[in-house]
Amino acid sequence: MKIAGKLILYRELEEGKVFKDFTWVMEHYKDAGKEKLQALCYGCIHGLAELSVSHGFEGNLWQDYLTFLMVNNENAYSISCEMKGAIEGSINRLALHDFEIFKELFDFDFKELEEWLEVPELRIIEHYKRSGRNGNVFNHRVWDRISQLSVRLEQTKTAEEFKQEVTQFYQEFGVGKLGLHKAFRIEHKGDGVNIAPIMNIAHAHLDDLIGYDTEKKKLIDNTEAFVNGKQANNCLLFGDAGTGKSTSIKAIINQYYDKGLRMVEVYKHQFQDLNHLIALIKNRNYKFIIYMDDLSFEEFEIEYKYLKAVIEGGLERKPDNVLIYATSNRRHLVREKFSDKEERDNELHTNDTVQEKLSLAARFGVTIYFGKPDKKEFQEIVKSLAEKYHIQMGKEELLAEANKWELSHGGLSGRTAQQFINYLLGRQ
């Protein structure tokens, strides 16, 4: 039986073709046709080199690859460890069986294989130096954790030690894409819904948003209650454009990621997929914020009905590990027009019409208003940003130029101030 066929819990491996081919070469290089094995071996080297480019592997590519397979494999053991750490029961023996195989593969000496098949390029994958920047699948933080685990696994002396290292990783960082990444978006694969990691989330922090202390505290208090397993509310941030609503939510995911907070960005046309999304995340050991940016509906759009049903309707209640955070320039999310009044005047149940349109906003238990700054507040934002980015300009000249800028670039807002600072930085 092939090595891959001996695995129990780790049978379904993402990016597993190289694993199956390479383990077959390791088992049969002494008793199969040399030319065929050489071709298969070179194909595996090609696959590892490609993964180095896409995933940022470096050093011993084979060990990095095996580590990648284990930290991404969502199975009965890895998900249980993600939720509880080291677990008890017979599943530990099944896991140890698999880790004995991985340990043997981790320690495989390529020297004899290299000489037998006359493939000197095998030594390259043991000491591979990456060219250029990291891959596009993981950011620096994620890859550093995987790389450090690979080094620790190389140093283990027994399969039990090997198992303990992987188990500790699951407990600390989780498993699969939900464990390794902060933020996600919805995408369709065939007829189903999938969540895909967002690789380059903005590194915003709440301290970057100058002012709005009361508003930020309200958002922090609600989010901290959520990540600590207490009662929390869906949250609507509304108000003037460019005042930091979206930045605040992006900062929240950066601040509470290490406490198990994750975020899934959903666009209006995807609201019909919300039930499928919740089914994917409701039984995981993370807290999920479903994030909807710039939320509003025209009178002819009916997507808001899907959102209302998810927030507070249906037979199955929303899971405790899911909240909805939204931003909008409107306090009332469904647009009303003067013509609506005429329709109400001619309608028998006018209150029903009003409540149908206003009830969506009412389903957000926390609403936070972000108003545009006044002149003095705008100038304080400009001065703080100028200090942060080391703008070399006198205070009077800086504020005079900022005043001229805002008059022709959207008015008083934090966004306008940041754009002005970007303009100054471009001139330096």
Return yes if some donor-acceptor pair links the side-chain N/O of [X] with the main-chain N/O of [Y] below 3.5 Å, else return no.
X	Y	result
Arg262	Leu178	yes
Thr327	Asp294	yes
Thr243	Lys372	no
Lys103	Thr156	yes
Ser150	Ile146	no
Asp273	His276	no
Thr23	Lys20	yes
Gln270	Ile186	yes
Thr416	Gly411	yes

Minimum heavy-atom separation for [X] to [Y], with atom names?
X	Y	answer
Asp240	Lys245	O-NZ, 2.8 Å
Cys41	Leu122	SG-CD2, 3.7 Å
Ala417	Val382	CB-CG2, 3.9 Å
Asp64	Gly59	OD2-N, 4.5 Å
Ala251	His205	CB-C, 3.5 Å
Leu13	Phe19	CD1-CD2, 3.7 Å

For the pair [X] and [Y], find out whether any cationic side-chain nitrogen is under 4.0 Å from an anionic carboxylate oxygen.
X	Y	result
Lys282	Asp320	no
Arg152	Glu161	no
Lys177	Glu74	no
Asp21	Lys17	yes
Glu126	Arg123	no

Indicate the ring-plane relationship of [X] and [Y], choosing parallel, tilted or perpendicular according to the 30° and 60° boundaries.
X	Y	result
Tyr369	Phe238	tilted
Phe162	Phe99	tilted
Phe420	Trp405	tilted
Phe68	His55	perpendicular

Report the residues that fulfil side chain to side chain donor-acceptor pair (under 3.5 Å) with [X], sequence neighbours left out, ordered by chain and then residue number.
X	result
Arg185	none
Gln168	Glu172
Gln272	none

Return all side-chain donor-acceptor pairs below 3.5 angstrom for residues 397-404, not counting sequence neighbours, or 'none' if the list is empty.
unit_1	atom_1	unit_2	atom_2	d
Glu401	OE2	Lys404	NZ	3.1
Asn403	OD1	Lys375	NZ	3.4
Asn403	ND2	Leu399	O	3.2

field: Matching residue for Phe22 among Trp62, Phe108, Tyr65 - test: ring pair (Phe, Tyr, Trp, His ring centres under 6.0 Å)
entry: Trp62

query: What pairs with Asp98 under salt bridge (Lys or Arg N to Asp or Glu O under 4.0 Å), at least two apart in sequence or on another chain?
result: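 Asp98: no salt bridge (Lys or Arg N to Asp or Glu O under 4.0 Å) contacts found.
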
Would the number of heavy atoms belonging to other residues, nucleotides or ligands and lying under 6.0 Å from [atom1] of [X] be above 12?
X	atom1	answer
Lys383	NZ	yes
Glu104	CD	no
His46	NE2	no

- prompt: How far apart are the C-alpha atoms of Asn92 and Lys163, what are their side-chain angles, what is the distance that settles it, and do they pass the side-chain hydrogen bond (donor to acceptor under 3.5 Å, both in side chains) test?
  reply: CA-CA 9 Å; Asn92 278 286; Lys163 173 176 173 288; 3.0 Å; yes

Under the criterion side chain to side chain donor-acceptor pair (under 3.5 Å), which of [options] is the partner of [X]?
X	options	answer
Tyr325	Asp293, Asn222, Asn234	Asn222
Tyr256	Lys182, Lys287, Glu224	Glu224
Glu82	Tyr286, Tyr77, Tyr170	Tyr286

- request: Please lay out, stage by stage, how Gln418 and Asn422 fare under the test side-chain hydrogen bond (donor to acceptor under 3.5 Å, both in side chains).
  value: CA-CA 6 Å; Gln418 182 65 63; Asn422 293 342; 3.0 Å; yes

field: Set of residues satisfying ring pair (Phe, Tyr, Trp, His ring centres under 6.0 Å) with respect to Phe370, sequence neighbours excluded
entry: Tyr212

query: Stepwise, does the ring pair (Phe, Tyr, Trp, His ring centres under 6.0 Å) test hold for Tyr10 with Phe102?
result: CA-CA 10 Å; Tyr10 290 81; Phe102 276 113; 5.6 Å; yes

